[in-house]
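This report concerns only the one structure given below.
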Amino acid sequence: MSRAFLEKSFYDGEEKKRTVALLRSIELREKISDYLEVKDSIKDGFDLQEQETISAAKERILAYFEANNKDWEDWRWQMNHRLRDSAALAGLFNLSEEQCALVRKVGMRYRWAVSPYYASLMKAHSEDPLWIQAVPSINEMDESGHSDPMAEELTSPAACITRRYPDRLIINATNQCPMYCRHCQRRRNIGEIDRHKSYQHLLAALDYIRRNKEIRDVLITGGDALLLSDRKIDWLLGELDKIAHVEIKRLGTRTIVTLPQRITAELCAVLKKHPPVYINTQFNHPREITPESKQACDRLVEAGVVLGNQAVLLKGVNNNPHVMKKLNQGLLKVRVRPYYIFQAKDVKGTRHFITSLKEGLVVMEKLRGYTSGLAVPTYIINAPGGYGKTPVLPNYVLGKAEGSVLLRTWENRVIEAVG
Ligand SMILES: *Cc1c(COP(=O)(O)O)cnc(C)c1O
Ligand code: SF4
C-alpha cells in the first residue's frame with residue numbers, strides 16, 4: 001500500500017484510526033532505514049563467512065602449535081600458548097620484518113599477549129577492530145596522557161581495595177588477564193609479572209569489608225577475576241557470603257570475550273553455589289560475539305549468573321552508531337544486558353583510541369527510542385581524581401516552567417509535558 005494511496009483514502013471511525021497507525025508505521029520504519037541498509041554488512045561472529053575464516057585461522061594456529069581440538073577447548077592450554085612474541089605473530093599472520101620490529105619495540109614498553117582463540121577472530125591489518133585491540137601499535141609510544149588519571153592510589157583504604165562509593169567497593173584480586181588489551185584503561189595496574197594477590201592481602205580486604213557494614217556490594221576484579229583458580233573464587237565468594245551485610249557479589253572479567261574456554265562446567269558449579277552473582281564483561285565489537293562466547297554466556301546464565309556488558313567507546317572499533325547498535329542487540333541475543341559504555345580516559349599509551357564526547361552522544365542518540373531500551377546502556381565518563389562514574393546523555397529536556405517541561409523526544413518532536 002503506497003503512502004499516497006493511504007493519504008488519499010478517507011475512512012471514518014476505526015478504519016480511520018487504523019489508517020493513521022499504518023502511516024505512522026511506515027514513518028517508523030523509515031526512522032531506521034539507514035541502519036537496515038548497513039545492518040547485514042556489519043558482521044558478527046555468527047556470520048557464515050566469518051565462521052569459515054575463523055575455522056581456517058583456528059586450523060592454522062593449531063597446526064602451528066601442533067595441537068588439537070581438545071587442547072583448544074582447554075583454557076590452560078590457551079593461556080600457555082598465548083601469542084606474545086613477534087615471531088609467533090609473524091608466523092601466523094605473514095607480517096613483514098618491519099611490522100615485526102615495530103611490535104617488538106612497542107612490546108618492550110608495554111606487555112602484550114593474545115589467546116589463540118582471540119587470534120583466530122582477528123584479521124591482520126591495522127584497521128581491523130579486533131586486531132587493534134590485541135596487537136601493539138606504534139601509537140602507543142606517544143608519551144602524552146596520564147598513567148593514573150583516576151588517582152586510584154588515593155582510593156585504597158585497605159590492601160587490594162578501591163573504594164569510591166558509599167555502599168560498594170572493588171577487590172583487585174589479581175593483575176593477570178588472558179589478553180592485554182591495547183586500550184586497557186587500567187594499564188598501570190597490569191604488572192609485568194603475572195601474580196594474584198596473596199591470601200594475606202585478601203584477608204585484609206575481607207576484614208575491611210567486615211568492619212564496614214554499609215558495604216552491600218562487592219566487585220571482584222583486577223586484572224581479570226576469572227583468572228583466579230576455581231578454588232580461590234569458591235573461597236572468596238564463600239567468605240563474602242559469610243558477611244551478613246554483603247548482599248551481592250560481582251565479578252569483572254573479559255574471559256567471555258578473550259578466553260571463553262575458561263567458563264567450564266566446574267567454574268559454573270562454583271558460581272552456582274554463591275548466588276546472587278553478577279558478572280560484567282567487555283564486548284566491544286559484534287565480531288566478538290561468536291558461538292564460543294555464546295556458549296560461555298549460556299553456561300553462566302544456567303548457573304544463575306546475571307550478565308552485563310561494559311563496552312569502551314574506542315576509535316576504529318565501535319565509534320559508529322550502527323556498529324554499537326548491532327553490538328548491543330547482539331548482546332541481548334546471548335543474554336548479556338548492555339550496562340555501560342565508557343568514554344576512554346586519557347591513559348598514556350592508549351590515547352589513539354579516544355573519541356570525542358560528541359561522537360559518544362551521537363551513538364547514544366541513535367540508540368534511545370530507535371531500539372529496545374534493553375539495548376541502551378548508560379554512557380559514562382569517569383570524573384578525574386577518582387570522583388566516580390558520571391552519566392552523560394543527549395539533552396532531552398529543553399526547558400522547564402512551573403508544572404511543565406518542554407521535552408525533545410527521541411525523534412526530535414518538541415512536546416510540553418506535565419512535570
Ligand atoms: C565502577 C566501580 C564500581 C561499580 O560501580 P557501579 O556504577 O555500581 O557499577 C564500584 N567501585 C569502584 C571503585 C568502581 O570504579
Ligand atoms: S581484560 Fe580488562 S583489565 Fe585486562 S587488559 Fe583487557 S581491558 Fe585491561
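Reckoned from all heavy atoms, side chains included, excluding hydrogens, waters and symmetry mates. Just follow the structure's listing: the first ligand is 1, and inside any ligand the first atom is 1.
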query = Between the main-chain N or O of H201 and the side-chain N or O of S198, is there a donor-acceptor pair closer than 3.5 Å?
reply =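 Flag set: sc S198 to bb H201 pair under 3.5 Å.
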key: Subset of ligand 1 atoms that lie under 4.0 Å from at least one heavy atom of R168   =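 That gives atoms 5 (O), 6 (P), 7 (O), 8 (O) of ligand 1.
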ask   = Who's closest to atom 7 (S) of ligand 2 heavy-atom-wise, of Q133, Q282, Q185?
value =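 Answer by nearest heavy atom: Q282.
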ask   = Taking the inter-plane angle between the rings of W235 and Y199 on a 0 to 90° scale, is it parallel (under 30°), tilted (30 to 60°) or perpendicular (over 60°)?
value =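 If you compare the ring of W235 with that of Y199, the planes turn out perpendicular.
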Do me a favour and list the nearest non-hydrogen protein atom to [atom] with residue, atom name and distance?
atom: atom 4 (Fe) of ligand 2; answer: C177 SG, 2.3 Å
atom: atom 6 (Fe) of ligand 2; answer: C181 SG, 2.3 Å
atom: atom 8 (Fe) of ligand 2; answer: C184 SG, 2.3 Å
atom: atom 1 (S) of ligand 2; answer: R254 CB, 3.6 Å

Ligand 1 to Y165 polar contact by distance, N or O atoms, under 3.5 Å =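 The answer is no, given that Y165 and ligand 1 share no N or O pair closer than 3.5 Å.
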Are the charged groups of [X] and [Y] less than 4.0 angstrom apart, N to O?
X: E292; Y: K58; value: no
X: K358; Y: E365; value: no
X: D47; Y: R287; value: no
X: K242; Y: E239; value: yes

request  = Work out whether the distance between some heavy atom of R163 and some atom of ligand 1 is less than 4.0 Å.
outcome  =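 Contact absent.
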query = Can you find a non-hydrogen atom of M179 under 4.0 Å from ligand 2?
reply =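 The answer is yes: ligand 2 sits under 4.0 Å from a heavy atom of M179.
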